[in-house]
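Remarks on the structure that follows.
Lettering follows sequence order; numbering is per chain, from 1. From a predicted model like this one, the values you see are computed outputs, not experimental measurements.
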Protein chains: 2
Amino acid sequence: MTKQIVRIKDIAERANVSTGTVDRVLHNRGRVAEDVRQRVTKIAEELNYEPNLLARTLVNNKVYHIAAIIPDPKADSYWQAPKSGIDKAEEELKRYGIRVTHFIYDSLDAASFTRAAGKVEELAFDGILVAPIFYRESLAFLNKWKSSKVPFVQFNTHIPAYEPLMYIGQDSYQSGVLAGKLMHYGCREKATFVVAHIEEDIQNSTHLIHKEQGFVDYFSSHGQEGFYTVIQKDLKATAQHTIAQQLDSLFEEETQIKGIFVTNSKANIVATYLQKRQITHVRLIGYDLIEKNLHFLNSETIDFLINQNPKGQGYWGIYGLADHLVFKKKNNPIKYLPLDIITKENLQYYIEADI
Amino acid sequence: MTKQIVRIKDIAERANVSTGTVDRVLHNRGRVAEDVRQRVTKIAEELNYEPNLLARTLVNNKVYHIAAIIPDPKADSYWQAPKSGIDKAEEELKRYGIRVTHFIYDSLDAASFTRAAGKVEELAFDGILVAPIFYRESLAFLNKWKSSKVPFVQFNTHIPAYEPLMYIGQDSYQSGVLAGKLMHYGCREKATFVVAHIEEDIQNSTHLIHKEQGFVDYFSSHGQEGFYTVIQKDLKATAQHTIAQQLDSLFEEETQIKGIFVTNSKANIVATYLQKRQITHVRLIGYDLIEKNLHFLNSETIDFLINQNPKGQGYWGIYGLADHLVFKKKNNPIKYLPLDIITKENLQYYIEADI
DNA sequence: CAAAAAAATGTGTTCGAACACGCAAATATT
DNA sequence: AATATTTGCGTGTTCGAACACATTTTTTTG
């Protein structure tokens, strides 16, 4: 029952060879007689040998350069969290030679993404962490990285294919379903629900479309035909109309609105509106624990926020690359983070949590 | 900007002493001239020296014995999860000399706890992880461990004082508040809510009382006087009455029941009842992702389960002890785990999650 | 003042894995 | 047959920290 640690030396003794030979076998460095190779392999398996990562990394002092391509946290505070997760991971991993260089782009400007990713292209990194929020612009780069075999990790937005090392983030569709459930649980009467995309180019943002689809699908499988109505609304401030004006006319046209589901982190804009118009009977569900949203969560204007664990996304993203580059561990190619339901009453534990 | 790793050797060179001297200074081993000690300390601080944990643990091959005192998973399947968290941590930490011995007691028999803890007492462990679910019986042991300076970690149930190395688990009171919120969000009409303690000796289980208190307090601060009524119910199968019979009479006496909050992992017992009686308008909220509950969560008889991350509790508990014993790191004495809200739609991500 | 004791400091080995290097035996080349 | 080349395998060093042990310096004591 005593758990015994198996070392290369132990294998070597049993196989009557030197540690150097075992090392060659385990790392497929060749230069070993076939019969010896088989004997050593067999013994290693029998003893259930697992390399000591510490000793391994201790001797390895290569430096690995990772590029992180993310939106500017100053423009959209949501992106502060992934950045701090990345920084935290870098801090922990610098001992193992991990160095991260940030390439910041503007989350409202697809061309700036292309520029940032282009720079990374030129510089030859050992790994790339990218939040590919612009679908069209991302494809070309994902394709290039795939063919040049640079390991890359996608987070926040899932663009399948192109064989990323891994994807880290949420299942957007399922988070829409979850929002549907929460809306439904809070409102059993006949009602109209609004899916609101705020300040987004939805045609180029697949994950928002998935969220909407999940929400719609929830209601088509719950409650009889015609009982619940879901409408979609694309809200953008224009020269002609502010968002408040657009919401005014929405509420005029649709009198049965009992809930609004905001597909990105901008639920606070709707909350501001509801508070100003003193509308209290409308349920409001959004995303992300950013400062502006938390204020309305605490005043209970926003009922629920779905948390994407953005800090964790950055953190695990860098770790995924390090596992590949430094520790030679394999990771699951898709890491779906939990869909955390946040309300005023459990908020504090998600804010305090380190990762 | 290039992050430089500072080694003992670097400090030694700058201070014009040998690495041995630096080592003595850093570990307060004495036998160093005062002026040299100050010089070295100063340089270590300036360079922001942080010991390389890997190298440290590599050389240290002491074995640390930890006792885990937990209820029998076979009797109450909830306890399977902490056990597997403990096992996982042991697996990861065995390289650093961590060995865990389990002491299992019966979660329905306080005397068995005393026996298990008594055995640990005799055997002299380097650290103890304990789920002190019996308040009275735990006090004596906590006190003994405190005075004999054995580091111990409490999890699941928080009994303050006695200076544990740390407590890991939830804030029971706040989880009751959260249950209140969820109940309230799902039911805006006049209603009666039941707080049900099932098969528990509540007088000896402080955390259940805290949950009830949180739930009650939520409703006293929301909604006007008399709109919501909260009643407490202690349900235990006896020779005279089954739990179903007790629920029958409860529903006869109280006609306005719109929700039931079960304070432990036995919500499935109420769910079975509701399903048999075909009661669908009653909201049901409980705790813990055990098999029996999940079935009713999926059939939407249980609306929400609050997850205590039991696997994480065991895992982090062992890690807390290892941080202290092996890595000499300091931990926060209270680690409140998030109050995860689980519903059918986001369940899968909490089941799959490793920790 | 010299010898002994105490204090201060330096040196060398260890942990487990990786890898460069070196040497011997087997095989190939002339 | 002599020499070169390949193949197979062992040895020794390295990583950073810990610690035992050795050595030097200072202080105390008879």
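- Between the NZ atom of A:Lys9 and the P atom of C:dA18 there is a distance of 16 Å, rounded to whole Å.
- Under a 4.0 Å N-O distance rule, the pair A:Lys42/A:Glu46 qualifies as a salt bridge.
- B:Ile11 has its CD1 atom 11 Å from the P atom of D:dA18, to the nearest Å.
- Distances were taken from every side-chain heavy atom of B:Val59 (C-beta onward) to each of C:dG16, D:dG10, D:dA18; the shortest belongs to D:dA18.
- Mapping A:Gly20 and A:Ala55 onto DNA chain C by nearest heavy atom places A:Ala55 closer to the 5' end of the strand.
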Stepwise side-chain hydrogen bond (donor to acceptor under 3.5 Å, both in side chains) check, A:Tyr167 with A:Asn156: CA-CA 8 Å; A:Tyr167 164 71; A:Asn156 191 269; over 6 Å; no
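- For the pair B:Asn52 CG and D:dG16 P, the computed distance is 7 Å after rounding to whole Å.
- Here C:dA17 is the nucleotide among C:dT9, D:dA17, C:dA17 with the atom lying nearest to any side-chain atom of A:Ile8.
- Taking the charged nitrogens against the carboxylate oxygens, A:Lys83 and A:Asp87 do have a contact shorter than 4.0 Å, which makes a salt bridge.
- Using a 4.0 Å cut-off between a side-chain N of Lys or Arg and a carboxylate O of Asp or Glu, A:Lys119 and A:Glu122 do not qualify as a salt bridge.
- Taking 4.0 angstrom as the limit, B:His27 places none of its side-chain polar atoms (N or O) nearer than this to OP1 or OP2 of D:dC19.
- Judged by a 6.0 Å distance limit and a 45° cone about the ring axis, A:Lys88 is positioned over the six-membered ring of A:Tyr315.
- Remark: C1' of C:dA8 and CG of B:Asn16 are 16 Å apart, rounded to the nearest angstrom.
- Protein atom NZ of A:Lys62 is 10 Å distant from nucleotide atom C1' of C:dC19, rounded to whole Å.
- Counting non-hydrogen atoms under 4.0 angstrom, A:Asp23 reaches a base of the nucleic acid.
- Residue B:Arg31 places no side-chain N or O under 4.0 Å from the OP1 or OP2 atom of C:dA8.
- In this structure, A:Asn28 places its CG atom 12 Å from P of C:dA18, rounding to the nearest Å.
- Nearer to the 5' terminus of DNA chain D, by closest-nucleotide assignment, is the contact made by B:Leu54 (compared with the other of B:Leu54 and B:Thr19).
- For C:dG10, the OP1/OP2 oxygens have a side-chain nitrogen or oxygen of B:Thr21 closer than 4.0 Å.
- Between A:Leu26 atom CG and C:dC19 atom C1' the separation is 14 Å, expressed in whole Å.
- Atom P of nucleotide D:dC21 and atom CZ of B:Arg29 are separated by 14 Å, given to the nearest angstrom.
- Residue-to-nucleotide contacts include a donor-acceptor pair under 3.5 Å from the side chain of B:Arg24 to the base of C:dG10.
- Applying the 4.0 Å criterion to OP1 and OP2 of D:dG16, one finds that B:Tyr49 has every side-chain N and O outside that range.
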